[in-house]
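Report on the following structure.
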Amino acid sequence: MGVWGTGLYQSDDTADFKSEFSDSAKLPIDTDALVARMCKAYALGKDPHDEDEVDFWLALADQLHRYGLDHPATFATARGIITSGADLAVKTELEMSPADLKKRAKVLEDLLDAWSRPHPKPRKRRMMKGPQKLLLGPGEVWVMPAMQGAPLPFFWHRYDPDTIDTLYKPDGWAGFVVSEAWHYDTFFAHYTIAVLNLVGSEKPTLDQIPGTCLRTMIDKEYYIDKADDELKHRPALSDMIFTTQIGTPSKTLRLWKAECIGTLETFDARALRDAMTSPIKDNLLADRGVASMEHLMTLSSFHHTHNNPFEDVADFSFDPEKPMSRFL
């Protein structure tokens, strides 16, 4: 687990945990089941003082407190991690600086103080009354205006809306084909999508899609180097096929100005899955999804190239010998 900051949610892992808890809190389950669900998802319980668990236990207790939920066993575990010095010991092993260790100690002190009394304004659990509506259907082709192959980055919309008109200037189209639509854990709408490599400035038509290729990304293919017997990796071209969910469905599609241009009636979802050759295929096609649609569709956009926002992203391409027709 990498150390990104002294705050509780200043790492990718705990930030993801917080988001996962927020989603899980929507399920119509009691507190015990909610805790059990999070512990199972993050493999918690073997050794709470281990590097792979400490931050998650603290985040779990903090989220319960923020929702005004009581779970004595979780709070006892989290308090023990702090009072035993386990958290600071882990951070020391991860080479956190003395100055940051001091800041971290203050964060832990503040957590203990906050947990000593009920949250003054706990968040209300707005639990689902039924499964989320499936907004996308198998075989549907969705397109939206794009710049450098990606729709409007949510990074800008959420944090710096004034830059949208200045920096974001659509020059073409992005899009995806929906392979599957289902409910994960009975309630959550999930989809398998294949990202299209759309070219040109004109909006594509459904008739053009069979001849269109999928977008690909440079992946890491690991192997053992026989010369020195070390594990190394080499580039591998993988189709951008993922299972995912939409964080804010109606808002996302509206913001992107997305529209369905039709349905590929003979689309073969199994053929698409079988064609997936990524070294991390099982992760990318996991039932619970790998990331939000908002993240995946802007994955290759210029805002991810931090030094030069208009620099071409070389890690994304397509295979001209593999058109969409192979799945029809």
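Atom set for the values below is all heavy atoms of this structure, side chains included, hydrogens, waters and symmetry mates excluded. Computed from a predicted model, the values in this text were never measured in an experiment.
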Going from CG on Asp282 to CE on Met276, what distance comes out if it is rounded to the nearest 0.5 angstrom?
-> 9.5 Å
What one should report as the nearest heavy-atom pair of Asp319 and Cys213 is O-SG, 3.2 Å
Closest contact, heavy atoms only, Ile29 versus Ser24 | CD1-O, 4.4 Å
Is Asp113 paired with Arg79 through a side-chain N to carboxylate O contact shorter than 4.0 Å?
-> no
I would like to know whether Val195 and Leu214 meet side-chain contact (heavy atoms from CB on, under 4.5 Å); could you show each step before the answer?
-> CA-CA 6 Å; Val195 181; Leu214 295 188; over 6 Å; no
Under-4.0 Å salt bridge between Asp274 and Arg270 = no
May I ask you to check whether Tyr9 and Phe17 place their ring centres under 6.0 Å from each other?
-> no
Okay, side chain of Glu53, backbone of Lys46: is any donor-acceptor separation there less than 3.5 Å?
-> yes
Check the hydrophobic clustering (I, L, V, M, F, W, Y; side-chain heavy atoms under 4.5 Å; chains of links allowed) and say if Met127 and Phe188 are grouped together.
-> no
Is there a donor-acceptor pair closer than 3.5 Å between any side-chain N or O of Thr77 and the backbone N or O of Ala73?
-> yes
Working to the nearest 0.5 Å, report the span between OG1 of Thr83 and CG of Leu112.
-> 7.0 Å
Trace of the side-chain contact (heavy atoms from CB on, under 4.5 Å) decision for Leu111 with Leu8 | CA-CA 9 Å; Leu111 286 175; Leu8 186 54; 4.2 Å; yes
Test item: side-chain donor near acceptor, Thr252 and Glu294, under 3.5 Å | yes
For Arg117, does its backbone N or O pair with a side-chain atom of His65 as donor and acceptor, under 3.5 Å?
-> yes
Between CG of Leu296 and CD1 of Ile193, what distance do you get to the nearest 0.5 Å?
-> 5.5 Å
Might you work through the side-chain contact (heavy atoms from CB on, under 4.5 Å) test for Leu206 and Leu264, ending with a clear yes or no?
-> CA-CA 8 Å; Leu206 186 64; Leu264 299 172; 3.9 Å; yes
Would you mind reporting whether Ile81 and His49 have side-chain heavy atoms less than 4.5 Å apart?
-> yes
Where do Thr192 and Trp182 come nearest, in terms of heavy atoms and distance?
-> OG1-CZ3, 3.3 Å
Start with the C-alpha gap between Leu58 and Leu108, add the side-chain angles, then the distance that decides, and say whether side-chain contact (heavy atoms from CB on, under 4.5 Å) holds.
-> CA-CA 9 Å; Leu58 298 183; Leu108 301 179; 3.8 Å; yes
Taking Thr212 for the side chain and Gln208 for the main chain, is one N or O donor matched with an acceptor at less than 3.5 Å?
-> yes
Taking Arg125 for the side chain and Pro28 for the main chain, is one N or O donor matched with an acceptor at less than 3.5 Å?
-> no
Do Leu134 and Tyr191 have side-chain heavy atoms sitting under 4.5 Å apart?
-> yes
Donor-acceptor contact below 3.5 Å, side chain Trp142 vs main chain Ile261 = no
Going from CG on Leu34 to OH on Tyr67, what distance comes out if it is rounded to the nearest 0.5 angstrom?
-> 9.0 Å
Taking all non-hydrogen atoms of both residues, which atom of Ser238 and which atom of Ser278 are closest, and how far apart?
-> OG-CA, 3.4 Å
Would you say the side-chain atoms of Ser11 pair up with the backbone N or O of Thr14, donor to acceptor, closer than 3.5 Å?
-> yes
Would you check if the side chain of His71 reaches a backbone N or O of Thr31 as a donor-acceptor pair within less than 3.5 Å?
-> no
Verify same cluster id: Met147, Val199 (apolar side-chain graph, 4.5 Å) = no
Between Trp173 and Gly200, is there a donor-acceptor pair closer than 3.5 Å when you use the side chain of the first and the backbone of the second?
-> no
Could you state whether Phe318 and Phe176 fall into the same hydrophobic cluster, counting links through intermediate Ile, Leu, Val, Met, Phe, Trp or Tyr residues with side-chain heavy atoms under 4.5 angstrom apart?
-> no
Might you point out which heavy atoms bring Ser22 and Lys26 nearest each other, and give the distance in Å?
-> O-CG, 3.5 Å
Side-chain contact test, heavy atoms from C-beta onward, threshold under 4.5 Å: evaluate it for Phe267 versus Ser179 and give yes or no.
-> yes
Audit row: Asp62, Arg66, salt bridge (Lys or Arg N to Asp or Glu O under 4.0 Å) steps and yes/no = CA-CA 6 Å; Asp62 187 59; Arg66 293 185 183 209; 2.8 Å; yes
Flag the pair Arg288 and Glu20 as a salt bridge only when some basic side-chain nitrogen lies within less than 4.0 angstrom of an acidic carboxylate oxygen.
-> yes
Backbone N or O of Asp239 within a donor-acceptor pair of the Thr216 side chain at under 3.5 Å?
-> no
Rounded to the nearest 0.5 Å, what's the gap from CE on Met144 to CZ on Arg254? Could you check?
-> 14.0 Å
Min side-chain heavy-atom separation Asp16-Tyr42 under 4.5 Å = yes
Salt-bridge contact Arg104-Asp55 (side-chain N to carboxylate O under 4.0 Å) = yes
More than 12 heavy atoms of other residues, nucleotides or ligands under 6.0 Å from NZ of Lys281: is that the case?
-> yes
Determine whether Leu328 and Asp268 make a side-chain contact, defined as any pair of heavy atoms from C-beta on separated by less than 4.5 Å.
-> no
Quick one: do Asp87 and Lys91 make a salt bridge, cutoff under 4.0 Å?
-> yes
Quick one: are Met293 and Phe242 in side-chain contact, heavy atoms under 4.5 Å?
-> no
So, do Met38 and Leu44 sit near enough that their side-chain heavy atoms are less than 4.5 Å apart?
-> no
When every non-hydrogen atom of Ala78 is compared with those of Ala61, the smallest separation belongs to CB-CB, 3.5 Å
Heavy-atom check, side chain of Leu101 versus side chain of Thr6, under 4.5 Å | no
Quick one: pull up CG in Asp50 and CH2 in Trp57 and give me the separation to the nearest 0.5 Å.
-> 12.5 Å
